[in-house]
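For reference, the structure is listed below as structure tokens.
Atoms within each ligand, like the ligands themselves, are counted from 1 in listed order.
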Amino acid sequence: MSFIDTLNVKSISELAIREKRVFIRTDYNIPLDNEGNITNINRIERTLPTIKHALEHNSRVILASHLGRPDGDRDPVYSLEPIATILAEVLERDVFFFEDCVGMGAQQMVRDLKPGQVLVLENLRFNPEEKKNSAVFARELAKMCDVYINDAFGVSHRKEASVNALPLMVDTKGMGLLMKTEIEELSKLIGLKRGEGFYSIIGGAKVLDKIAIIRPLLEVVDRIMIGGAMSYTFLAAKGIKLGKSRVEEDKISIAREIIRGAEARGVDLLLPIDHVAADSIDSVETEIYTNDNFPQDKMALDIGPETVKMYVDKLEGCNYMLWNGPMGVFEKEQFAKGSISLAKAVANLDAHTVAGGGDSVSLMKKAGVKDLFTHISTGGGASLEFLKNNTLPGIDVLK
Ligand code: AMP
């Protein structure tokens, strides 16, 4: 029995959906630039298999998602209307949009929907009840579903109304095809034991976000390579101070505990030995310094060439890779080299390579290796929590 069968959750392809009102919770929390323009439509593209499956069965498709953190207010920057326009282009058919996600107007739109038509509802988080997992709000949403499908892996670790309270109110429910792929690919990393060549690269900004996964990873991985801003807190735990680099002083003790935990378990925990540094995050001029000669007035913004070389050499023996978070401020060309070089090396491994995290797709695209990874998860926090608990609250309620 495969892992996914043990979950006892049906996929959309096992449900009777013909001509039904199929409410698909998608994760259209796509990246926007400072002007509110969409910078990457990967998360839209990844939901197409589920939507197309529903349309092939002549369903009436209702799409609902959150976008950004509008905090329960109507903020036009976070409207889903532009997403409806993009969907119309990629699906090559009319896609209707309604300016609310609940209420009489939304219900009327849903009632009027004909088989094979698609409706995008407005941002769920324009309603403060969504984040509160409100049963009242969920009941309003439930009025619009004959069938409930969760294809929003990236938000299924949260207990919010559209992924938690709502599915409990609908009889016919299941997972979308993206959710299924996420579970299938991530579950290949479950049950591995030390000695099987399971390595992890963890980067990004915040220590706390990643602690939840590093602790359980310590029980199963052979090697962890740390980079990004969080690595400076780990270096600080070893008494290495890097000028003005970002250190989370209140997390140094946690970093120290993780370093000790790795030692006790024989896990090879690696930290950067050199850095691409600059006066500030806005600088274009960069210099390379080691842990030993790092100047007081500079900040580290990427791993240096010696660290890249060391990490690439240390990929030897890797059979399974979990990558989460960049090695530096990869959004800026001058601080992207470390992440890109390492991503290329990982992508070319003969291994089961999985990357997760909101910006993993942008990074792997930038490195030109997006299609070389076995799987790029649409969920950062969700993928880590799934690997830790082997399920998510949003999956449990689909049973
Ligand atoms: P996370 O969401 O925790 O995976 O963090 C991703 C963010 O960390 C990216 O936007 C990077 O720009 C940022 N980041 C990575 N390395 C550094 C660094 N050395 N200094 C400041 N920010 C960084």
Side-chain angles (χ1 to χ4, degrees), residues 27 29-34 39-40 43 68-69 154-155 157 200-214 217 224-236 240-249 251 254-255 258 271-284 286-291 294-295 297-305 307-308 311 322-343 346 354-367 376-385 387:
D27 179 5
N29 189 26
I30 52 181
L32 303 174
D33 66 16
N34 292 337
T39 58
N40 175 336
R43 284 192 175 181
R69 293 171 197 259
V155 71
H157 57 316
S200 184
I201 293 175
I202 308 276
K206 289 204 193 95
V207 174
L208 199 60
D209 290 356
K210 316 280 166 154
I211 294 296
I213 184 66
I214 297 182
L217 277 179
I224 297 187
M225 307 177 208
I226 295 181
M230 59 178 280
S231 66
Y232 315 137
T233 304
F234 280 82
L235 288 170
I240 298 166
K241 287 263 158 64
L242 303 176
K244 296 190 296 181
S245 307
R246 186 184 156 146
V247 170
E248 293 172 82
E249 297 288 343
K251 302 292 170 335
I254 298 179
I258 287 174
L271 293 170
I273 49 176
D274 67 341
H275 311 272
V276 178
D279 292 332
S280 83
I281 199 164
D282 300 315
S283 308
V284 178
T286 63
E287 286 161 88
I288 308 293
Y289 297 103
T290 67
N291 287 345
F294 204 95
D297 59 344
K298 301 276 180 197
M299 63 196 309
L301 292 150
D302 190 13
I303 53 173
T307 306
V308 171
Y311 283 8
L322 176 67
W323 175 312
N324 188 293
M327 298 291 100
V329 184
F330 76 100
E331 296 90 340
K332 302 200 174 191
E333 207 186 318
Q334 62 273 34
F335 308 122
K337 215 168 165 187
S339 300
I340 289 177
S341 309
L342 196 55
V346 170
V354 175
D359 37 26
S360 294
V361 174
S362 317
L363 169 58
M364 300 315 167
K365 232 177 170 172
K366 221 170 197 173
I376 299 187
S377 176
T378 49
S383 59
L384 299 185
E385 195 172 317
L387 290 173

Tell me if the [atom1] atom of [X] is crowded by more than 12 foreign heavy atoms within 6.0 Å.
X: Glu333; atom1: CD; answer: no
X: Lys206; atom1: NZ; answer: no
X: Lys337; atom1: NZ; answer: no

Establish whether atom 22 (N) of ligand 1 and some protein heavy atom are separated by less than 4.0 angstrom.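 For atom 22 (N) of ligand 1 the answer is yes, since some protein heavy atom falls inside 4.0 Å.
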Atoms in ligand 1 with a heavy atom of [X] nearer than 4.0 Å:
X: Lys206; answer: 3 (O)
X: Gly228; answer: 16 (N)
X: Leu301; answer: 19 (N), 20 (N)
X: Gly204; answer: 1 (P), 3 (O), 4 (O), 5 (O), 6 (C), 8 (O)

[atom]: the protein heavy-atom neighbour that sits closest, reported with distance to 0.1 Å:
atom: atom 2 (O) of ligand 1; value: Asp359 OD2, 4.6 Å
atom: atom 18 (C) of ligand 1; value: Ala229 CB, 3.5 Å
atom: atom 12 (O) of ligand 1; value: Glu331 OE1, 2.7 Å
atom: atom 19 (N) of ligand 1; value: Tyr232 OH, 2.9 Å
atom: atom 5 (O) of ligand 1; value: Ala205 N, 3.0 Å

Got a second to check how far [X]'s [atom1] is from [Y]'s [atom2], nearest 0.5 Å?
X: Ile273; Y: Thr290; atom1: CD1; atom2: OG1; answer: 8.5 Å
X: Ile226; Y: Ile303; atom1: CD1; atom2: CD1; answer: 12.0 Å
X: His275; Y: Asn291; atom1: NE2; atom2: CG; answer: 4.0 Å

Going through the checks in order, is the side-chain contact (heavy atoms from CB on, under 4.5 Å) test met by Phe294 and Leu235? CA-CA 12 Å; Phe294 204 95; Leu235 288 170; over 6 Å; no
Side chain, backbone, both or neither: the part of Ala300 lying under 4.0 Å from ligand 1 by heavy atom: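 The answer is the backbone of Ala300.
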Smallest separation among heavy atoms of Met364 and Ala343, with atom names: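 In terms of heavy atoms, the two residues are closest at SD-CB, 3.7 Å.
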Does ligand 1 have an atom under 4.0 Å from some heavy atom of Lys210?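 Lys210 counts as a contact of ligand 1 under the 4.0 Å cut-off.
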